[in-house]
Number of protein chains: 2
Amino acid sequence: MIRDGTTPLLGHGSDATRRRNLSALLVQVHRSRGLSRSSLTQATGLNRSTIAGLVAELVELGLVVESVPEGAQGVGRPSPIVRPSDGVGVVAVVPEADAVTVALVGIGGRVLARRRTAFDEPPRAQELPPLVRSSLAALRRSRPGLTPLGVGVAVPGLVRSTDGLVRLAPHLGWRDEPLGSLLRAVIGLPVSVSNDAILGATAEAVFGAARGLGHAVYLNGGSSGIGGGIIAGGVPLRGVDGYAGEFGHTHAGADDRRDAAGVPGSLESQVTRAALQRLLGIGPVDQDEFEAALVASAEPAVLAEVDRQLDYLATTLGTVVNILNPELVVLGGFLAALDAARPGRLEALLADRALDAARESVRIRRAELGSDLLLIGGGELAFAALLADPASMGEWRAG
Amino acid sequence: MIRDGTTPLLGHGSDATRRRNLSALLVQVHRSRGLSRSSLTQATGLNRSTIAGLVAELVELGLVVESVPEGAQGVGRPSPIVRPSDGVGVVAVVPEADAVTVALVGIGGRVLARRRTAFDEPPRAQELPPLVRSSLAALRRSRPGLTPLGVGVAVPGLVRSTDGLVRLAPHLGWRDEPLGSLLRAVIGLPVSVSNDAILGATAEAVFGAARGLGHAVYLNGGSSGIGGGIIAGGVPLRGVDGYAGEFGHTHAGADDRRDAAGVPGSLESQVTRAALQRLLGIGPVDQDEFEAALVASAEPAVLAEVDRQLDYLATTLGTVVNILNPELVVLGGFLAALDAARPGRLEALLADRALDAARESVRIRRAELGSDLLLIGGGELAFAALLADPASMGEWRAG
DNA sequence: GACAAAATGTTTACGCTTGCAACATAACAG
DNA sequence: CTGTTATGTTGCAAGCGTAAACATTTTGTC
């Protein structure tokens, strides 16, 4: 069966079976960061001998390693532990207004090495390729045994998923920057670019608060706006072009003041970290410091502003719950702080804004992955091709 | 490989390959309502001989029939046309406030026979099982050769997808009615129940305006509210419980008047067919008559109300486009009439409410499937199991 | 300390499914 | 009527997972 890439062929040959099983195994190892061969047998329903063959192929490809288990695990012959190999990884790139971070991420979502370059003013798109190139060279020297298989970039803006064109990234001052092609021209690896919040949602769904859930929504409050990502049916929802998840511009209240994108009455025109910082009398501090200050504050003006912002946030959350019926809403950035400052209030407000049936099954949690979130998310993006077809990437590596 | 149903097993055996290929073929035949064997070869990428074997099995199962092509089709040996068989079908059930419709639907989404029972007041849930039973008996007499394989019910309300519990159906006056179990107890067939708008979206995505699209949203205006359905990645998005798509209760404007569900400022508190009917001075007429009256009206009060409602609709549409980045928005019910009364206005208003990047790739169209929409949608729901695994259902039929 | 039980790895023969190549068949073109 | 083209048909080969028997390792018990 020959795949020419123009149309996704619907048929399945016997090689596709093998591909799918290799993929299922590698995904299991990736998500669990190591598990016994017998667990793989149970999880997949495949025969012991089949698992043995598949694992042997993954070892051959340099993607996993087998080791003897350490502690006692019960009667019977001990089953070898299958772990992600440190021989392969991907490159995660996170451009922000004040810095660009490049990291090596291993299978299992482990950030193995990172390199942060500070910027006084936002980096230009043209600056990224040489920066990524040199950072990658330095990172590779620090980890000589690791072969990078791809690059995943998390951009705070609208990214066309087909080619990695950044349509708009206000925080960086970018508009229609062909970041994907720019990087591909310089880095000899497959490059994928995506919106940062979608990747944050992906990371939280694989390793964080929404681990294993089929339907979840990630909502992030950053210094320049509010972004989000949707997990539907266990996979990130990108939309036709990759622009899905822009919750910041949803209509959330009576006030028709416009946000930076010109949308009137939108969530991110009302719910801002800047307004809270002003009332708290602090500068652009660290995320943890900000939250500590917000939670500690008993200032009436601060509390009033927190409640006002929570009210707007609840309206958007109501819309989200009514439209998507998620199992979990994950709050990141200053939205997590907002919820922490008034525990339980957001859920109480939601009772008024969402239909009972949908509201009953939704929980609200804070993001778990902290500062590594986008590195892991970028890693997930770059790993996607490998996880979907381990054999082809292994061959690519050998060549 | 044994499937016990508790956990979805990830492994693929050679029988799964066969299943998948049979499914791919039947889906093709279903969506196209008949195509040549050579087209199947091209679409799947499978070998001619493999297709021959697979089609033979589908014929054996009584799911498709092969026939010699009629017209000329070029050089070469003519390829047999594979058509849906009329030997199998499903039952679609559509309960509404004033009537219950039961229909036989064939593969290919063809409504083969229907039976409508009028009600003076909304039917009670307990009335449905005997009614469906007797209607089905009558329909089977009219189509003796057809074996029904399942039942799909389209309910205007919130339906828990796991068991078919109707949490809330205001239009019918139902609350927590276990419709799925009630029907299963009386009908000796698999029964699935779902929200009507999700099924409308499904039908439009398979056979209607959104045919073949991966990302689309269906928005329907009914006499009792506004519902919707999302197609994401080519499949209906149900959410954890099946309540997704409730666009009627999204926050859409400054006015905080509450809708029937108590949600303030929601779309369906502002955009109503009743308000338009009142201004037009007409009663609860037919959908086509309503649209004709609305489009013909030059009354300033009517035009003002249309514009007012379009404004609210545009706000929700902006939210939808920003969150889901769909390729197409399909308008059904009186929302299609609203758009038709002021051509182009909705798209123009959307420019202000949605981010440019996402708005550029979205089109707005009216629903195509008319009055058969929910019958076809219910059929799709019931056919889902067969299409996913043709062999097992065929065996079930034989037994 | 020896032996049985339990769980898992390993090996080999087998069945199923698809792929391939050769041949057969049907339509069109001249 | 004959050659070309496209497709159906047939028999054989290759790949993959399965099943069963055997080997290995740990635990528990007498």
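These values consider heavy atoms only, across backbone and side chains, with no hydrogens, waters or symmetry-generated copies. Within every chain, numbering begins at 1; the chains are lettered A, B, ... in the order of the sequence lines, protein sequences first and strands thereafter.
- Considering CD1 of B:Ile81 and OG of B:Ser32, their distance stands at 9.5 Å, rounded to 0.5 Å.
- In this structure the side chain of B:Val59 never reaches within 4.5 angstrom of the side chain of B:Val65, judged on heavy atoms.
- For A:Arg37, the side-chain hydrogen bond (donor to acceptor under 3.5 Å, both in side chains) partners two or more places apart in sequence, or in a different chain, are A:Glu66.
- Residues passing the side chain to side chain contact (heavy atoms under 4.5 Å, CB included) test with B:Ser194 are B:Ile198, B:Leu199, B:Arg238, B:Leu381, sequence neighbours excluded.
- In this structure, CZ of A:Arg20 is placed 15 Å from P of C:dT18, rounded to the nearest angstrom.
- A:Ser79 has a side-chain polar atom (N or O) that falls below the 4.0 Å cut-off from OP1 or OP2 of C:dG9.
- OP1 or OP2 of C:dT18 has at least one side-chain nitrogen or oxygen of B:Arg18 nearer than 4.0 Å.
- Taking OG from B:Ser23 and CG from A:Leu10, the interatomic distance works out to 9.5 Å, rounded to the nearest 0.5 Å.
- Near DNA chain D, meaning a heavy atom under 4.0 Å away, the residues from residues 48-58 of chain A are A:Arg48, A:Ser49, A:Thr50.
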If you restrict it to nitrogen or oxygen atoms, what contacts under 3.5 Å exist between nucleotides 26-29 of chain C and the protein, and what is each distance?
| unit_1 | atom_1 | unit_2 | atom_2 | d |
| --- | --- | --- | --- | --- |
| C:dA26 | N3 | B:Arg77 | N | 3.3 |

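- Whole-Å rounding puts the B:Glu66 CD to D:dT9 C1' distance at 13 Å.
- Shown here are the side chain to side chain contact (heavy atoms under 4.5 Å, CB included) partners of A:Arg211, two or more places apart in sequence or in another chain: A:Glu368.
- Applying the ring pair (Phe, Tyr, Trp, His ring centres under 6.0 Å) definition to pairs two or more places apart or across chains, none involves residues 41-81 of chain B.
- Computed from coordinates, the A:Leu22 CG to D:dC16 C1' distance equals 11 Å when rounded to whole Å.
- Computed from coordinates, the A:Asp15 CG to C:dC16 P distance equals 21 Å when rounded to whole Å.
- Listed by residue number, A:Arg37, A:Ser38 are the residues of residues 26-39 of chain A with a heavy-atom contact under 4.0 Å to DNA chain C.
- Note: NE2 (B:His12) to P (C:dC16) measures 18 Å, nearest angstrom.
- Remark: A:Arg20 CZ to A:Thr44 OG1 distance equals 12.0 Å, nearest 0.5 Å.
- A:Arg31 pairs by the side-chain hydrogen bond (donor to acceptor under 3.5 Å, both in side chains) definition with nothing, not counting sequence neighbours.
- For B:Glu57, the side-chain hydrogen bond (donor to acceptor under 3.5 Å, both in side chains) criterion is met by B:Arg18, not counting sequence neighbours.
- The stretch residues 27-80 of chain B participates, sequence neighbours left out, in these ring pair (Phe, Tyr, Trp, His ring centres under 6.0 Å) pairs: B:His30-B:Phe207, B:His30-B:Phe383.
- Taking side-chain N and O atoms only, B:Asn21 has a distance below 4.0 Å to OP1 or OP2 of C:dT18.
- In terms of the side chain to side chain contact (heavy atoms under 4.5 Å, CB included) criterion, B:Arg77 has no residue partners (sequence neighbours excluded).
- In this structure, A:Leu46 places its CG atom 16 Å from C1' of C:dT8, rounding to the nearest Å.
- Using a 4.5 Å heavy-atom cutoff, the side chains of B:Pro84 and B:Arg110 are in contact.
- Five base pairs at each end of the helix from C:dG1-D:dC30 to C:dG30-D:dC1 define two local axes, and these are offset by 10° (rounded to 10°).
- At whole-Å resolution of the value, CG in B:Leu25 and P in C:dT17 are 15 Å apart.
- In this structure, B:Leu375 CG and B:Leu369 CG are separated by 11.0 Å, a value rounded to the nearest 0.5 Å.
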